[in-house]
There are 4 protein chains.
Amino acid sequence: METISKWSINFSSGVHVYKQIINNIYEAIGNGELKEGDKLPTIKELSEQLQVNPNTIAKSYRELELKGVIAGKRGNGSFISAHQAKTAKLTAEERDSRLNKLFSRVIAEAKSEGITEDELMNYIMDRR
Amino acid sequence: METISKWSINFSSGVHVYKQIINNIYEAIGNGELKEGDKLPTIKELSEQLQVNPNTIAKSYRELELKGVIAGKRGNGSFISAHQAKTAKLTAEERDSRLNKLFSRVIAEAKSEGITEDELMNYIMDRR
Amino acid sequence: METISKWSINFSSGVHVYKQIINNIYEAIGNGELKEGDKLPTIKELSEQLQVNPNTIAKSYRELELKGVIAGKRGNGSFISAHQAKTAKLTAEERDSRLNKLFSRVIAEAKSEGITEDELMNYIMDRR
Amino acid sequence: METISKWSINFSSGVHVYKQIINNIYEAIGNGELKEGDKLPTIKELSEQLQVNPNTIAKSYRELELKGVIAGKRGNGSFISAHQAKTAKLTAEERDSRLNKLFSRVIAEAKSEGITEDELMNYIMDRR
DNA sequence: GTGGTCTAGACCACC
DNA sequence: GTGGTCTAGACCACG
């Protein structure tokens with residue numbers, strides 16, 4: 001559960017917060033950081049960690065429960081459900097296509113903010 | 001202008017429509033599909049093509065105009081502005097701050113498309 | 001917050017309503033009536049007080065938010081942001097460019113209120 | 001007519017272009033640069049000088065003609081009308097009140113763009 | 001309840 | 001005909 005604590009929410013990304021939480025959970029499942037039967041962080045825990053209102057976390061969990069990805073045990077927290085519902089892996093082709101689009105956007109956006117492509121790349125390298 | 005017509009909107013991705021439009025435009029600029037002085041599709045055109053309310057398109061265009069990325073000419077359409085080194089030389093501090101914001105936003109959006117942070121990083125590394 | 005309630009809109013001045021609202025906020029900040037962290041009137045409040053559609057107020061607030069002047073907290077209202085030296089050190093060139101734009105804009109707005117360019121300049125000289 | 005040629009239009013001031021033109025004419029009358037019987041620039045002349053569409057100039061002249069401030073002579077241009085319709089001089093008090101508001105806004109707006117009050121004042125001094 | 005997005009449609013400034 | 005403002009009102013995310 002401690003490894004999960006690098007989740008982060010961007011409040012001005014144009015992506016709904018509850019959706020970002022869902023996405024993070026999907027990613028963690030894909031990563032193997034969360035496996036069948038693992039316990040998810042409490043709503044209260046996540047709420048404090050991500051600085052997000054508990055209701056918002058609850059909404060994310062509710063939506064995942066509806067899809068059968070997780071299951072809530074009354075008073076015991078929520079757990080990754082035995083039923084798979086994997087992240088519907090993208091084909092390598094589709095993934096690369098999206099990455100191409102995404103990255104050419106990043107470059108343009110960076111430039112429009114006065115950042116060169118080199119500065120961008122250096123930043124990303126340092127970030128690892 | 002015909003090459004642009006493959007823009008598409010995902011209404012259930014959790015990413016705001018006006019933001020997706022902005023992203024598409026940044027992508028096209030990054031791609032080289034749109035260059036300085038090029039004419040953007042008319043608000044009405046895009047509105048019909050993407051099945052989105054004209055005001056929503058207008059909102060996207062306006063936000064880009066405020067950022068100086070495009071410029072609207074009444075009665076003539078909107079155009080890609082001269083890309084600016086206008087934001088002037090940034091301090092290292094300010095530059096890193098912008099990069100942080102930009103990149104954390106990108107991560108959120110990537111995840112909303114089913115791309116993990118690792119996949120994103122690997123892609124960028126390979127790209128060098 | 002009560003001192004703010006003397007804001008007023010002139011619907012026939014030829015100046016856009018959303019711009020007048022922005023101007024009022026800038027004025028209040030310049031006056032010292034609004035300081036960092038202060039709460040702005042609710043969109044709904046201002047809307048009723050000024051007899052202007054809520055969306056128009058929202059547009060003003062959003063534009064100021066994009067510029068980093070204010071920040072909106074969902075369910076809590078909008079607040080004056082920490083005033084930034086965030087735009088970083090400007091080059092002399094860029095600074096003069098911004099001053100040119102700003103000041104020529106101000107002249108246009110002054111004239112729209114019946115103030116001549118000479119009166120404006122004299123006022124500023126006297127002010128020193 | 002040559003002295004008039006310092007009129008300028010700001011297209012992003014939030015003040016309608018046709019209104020700016022009207023304001024400029026009122027100011028010129030107030031200044032004494034334009035007196036009763038003086039000939040106004042041709043629509044075509046002004047259009048080229050200000051880089052504004054002739055229709056827009058025409059609209060400004062039409063509005064001034066309706067108010068009796070100017071009078072058009074078929075094929076001879078437009079002239080300042082004998083009837084006064086002065087600029088409805090502001091009281092010194094009212095004028096100073098508006099200038100106070102205006103200037104405190106300018107300072108706040110400049111600051112929010114990374115310009116100090118000193119830089120602003122120096123710029124204005126140099127501008128004379 | 002608050003900010004924010006989106007739709008729909010009227011009207012206007014400008015070309 | 002094009003961009004842009006404003007209104008009106010539904011609906012949503014978030015607190």
Side-chain angles (χ1 to χ4, degrees), chain A residues 9 11-12 14-21 47 50-60 63, chain B residues 9 11 14-21 39-47 50-66 70-79, chain C residues 9 11 14-21 39-47 50-66 70-79, chain D residues 9 11-12 14-21 47 50-60 63:
Chain A
I9 301 298
F11 293 93
S12 51
V15 186
H16 299 149
V17 173
Y18 82 95
K19 200 87 178 182
Q20 290 186 53
I21 295 168
S47 159
L50 303 180
Q51 294 285 48
V52 164
N53 187 287
N55 290 332
T56 305
I57 314 280
K59 180 173 183 180
S60 306
E63 191 151 316
Chain B
I9 301 299
F11 290 94
V15 185
H16 299 146
V17 173
Y18 83 96
K19 199 87 178 184
Q20 291 187 50
I21 294 167
K39 189 175 180 302
L40 286 163
T42 301
I43 288 182
K44 195 156 161 291
E45 276 172 18
L46 246 195
S47 160
L50 303 179
Q51 294 286 49
V52 163
N53 186 288
N55 283 333
T56 303
I57 314 280
K59 181 177 184 178
S60 306
Y61 278 22
R62 175 165 180 72
E63 187 155 330
L64 286 169
E65 183 156 19
L66 284 173
I70 71 176
K73 304 268 179 206
R74 297 269 182 79
N76 277 312
S78 299
F79 299 80
Chain C
I9 300 299
F11 292 93
V15 186
H16 300 146
V17 172
Y18 83 96
K19 199 86 179 185
Q20 291 187 51
I21 295 167
K39 187 174 182 301
L40 287 164
T42 301
I43 288 182
K44 193 156 161 293
E45 276 173 18
L46 245 195
S47 160
L50 303 179
Q51 295 285 51
V52 164
N53 186 287
N55 283 332
T56 303
I57 314 281
K59 182 177 184 179
S60 306
Y61 278 22
R62 173 162 182 74
E63 186 154 331
L64 286 170
E65 184 157 17
L66 284 174
I70 71 178
K73 303 269 180 207
R74 296 267 182 79
N76 278 310
S78 299
F79 299 81
Chain D
I9 301 298
F11 292 93
S12 52
V15 186
H16 299 149
V17 173
Y18 82 96
K19 200 87 177 184
Q20 290 187 51
I21 295 168
S47 159
L50 303 179
Q51 295 285 47
V52 163
N53 187 289
N55 290 330
T56 304
I57 314 279
K59 180 174 182 180
S60 306
E63 189 152 325

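A note on names: the letters A, B, ... follow the listed sequences, proteins ahead of strands, and every chain is numbered from 1.
- Residue contacts for C:Glu65: at a heavy-atom cut-off of 4.0 Å it reaches the sugar-phosphate backbone alone, with no base atom in range.
- E:dT2 atom C1' lies 16 Å from atom CZ of C:Arg62, rounded to whole Å.
- Atom CD1 of C:Ile70 is separated from atom P of E:dT2 by 16 Å (rounded to the nearest Å).
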In B/S/- notation (B base, S sugar-phosphate only, - none; protein heavy atoms under 4.0 Å), nucleotides 10-15 of chain F written 5' to 3' is ---SSB
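- For B:Lys44, the salt bridge (charged side-chain N to carboxylate O under 4.0 Å, His left out) test picks out B:Glu48, with sequence neighbours left out.
- Taking atom CD of residue B:Glu63 and atom C1' of nucleotide F:dG3, one finds them 17 Å apart after rounding to whole Å.
- Atoms CZ and OG, from C:Arg62 and C:Ser78 in turn, are 12.0 Å apart once rounded to the nearest 0.5 Å.
- Taking A:Asn55 as the reference, A:Asn53 meet the side chain to side chain contact (heavy atoms under 4.5 Å, CB included) condition, with sequence neighbours excluded.
- Annotation for C:Leu50 and C:Phe11: closest pair O-CZ, 3.9 Å, computed over non-hydrogen atoms.
- The shortest side-chain heavy-atom distance between B:Leu40 and B:Phe79 does not fall under the 4.5 Å cut-off.
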Any chance you could encode DNA chain E as dot-bracket? Rule is Watson-Crick or G-U wobble with both distances under 3.5 Å; [ ] for pairs crossing earlier ones, | for another strand. ||||||||||||||.
Derivation and outcome, side-chain contact (heavy atoms from CB on, under 4.5 Å), residues C:Leu46 and C:Thr42: CA-CA 6 Å; C:Leu46 245 195; C:Thr42 301; over 6 Å; no
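- The separation between B:Tyr61 atom OH and F:dT5 atom P is 16 Å, rounded to whole Å.
- Scanning for side chain to side chain donor-acceptor pair (under 3.5 Å) contacts around A:Tyr18 gives an empty result, with sequence neighbours left out.
- Straight-line distance from the CD1 atom of B:Ile21 to the P atom of F:dG3: 13 Å, rounded to whole Å.
- Side chain of C:Ser47 to backbone of C:Val52: a donor-acceptor contact under 3.5 angstrom is found.
- Of all heavy-atom pairs between C:Lys39 and C:Asn76, the closest is CE-O, 3.3 Å.
- Here the P atom of nucleotide E:dT7 and the CD1 atom of B:Ile43 are 14 Å apart, to the nearest Å.
- Note: CG (B:Leu66) to C1' (F:dG3) measures 14 Å, nearest angstrom.
- Put simply, CG on B:Leu50 is 14 Å from C1' on E:dC6, counting in whole angstrom units.
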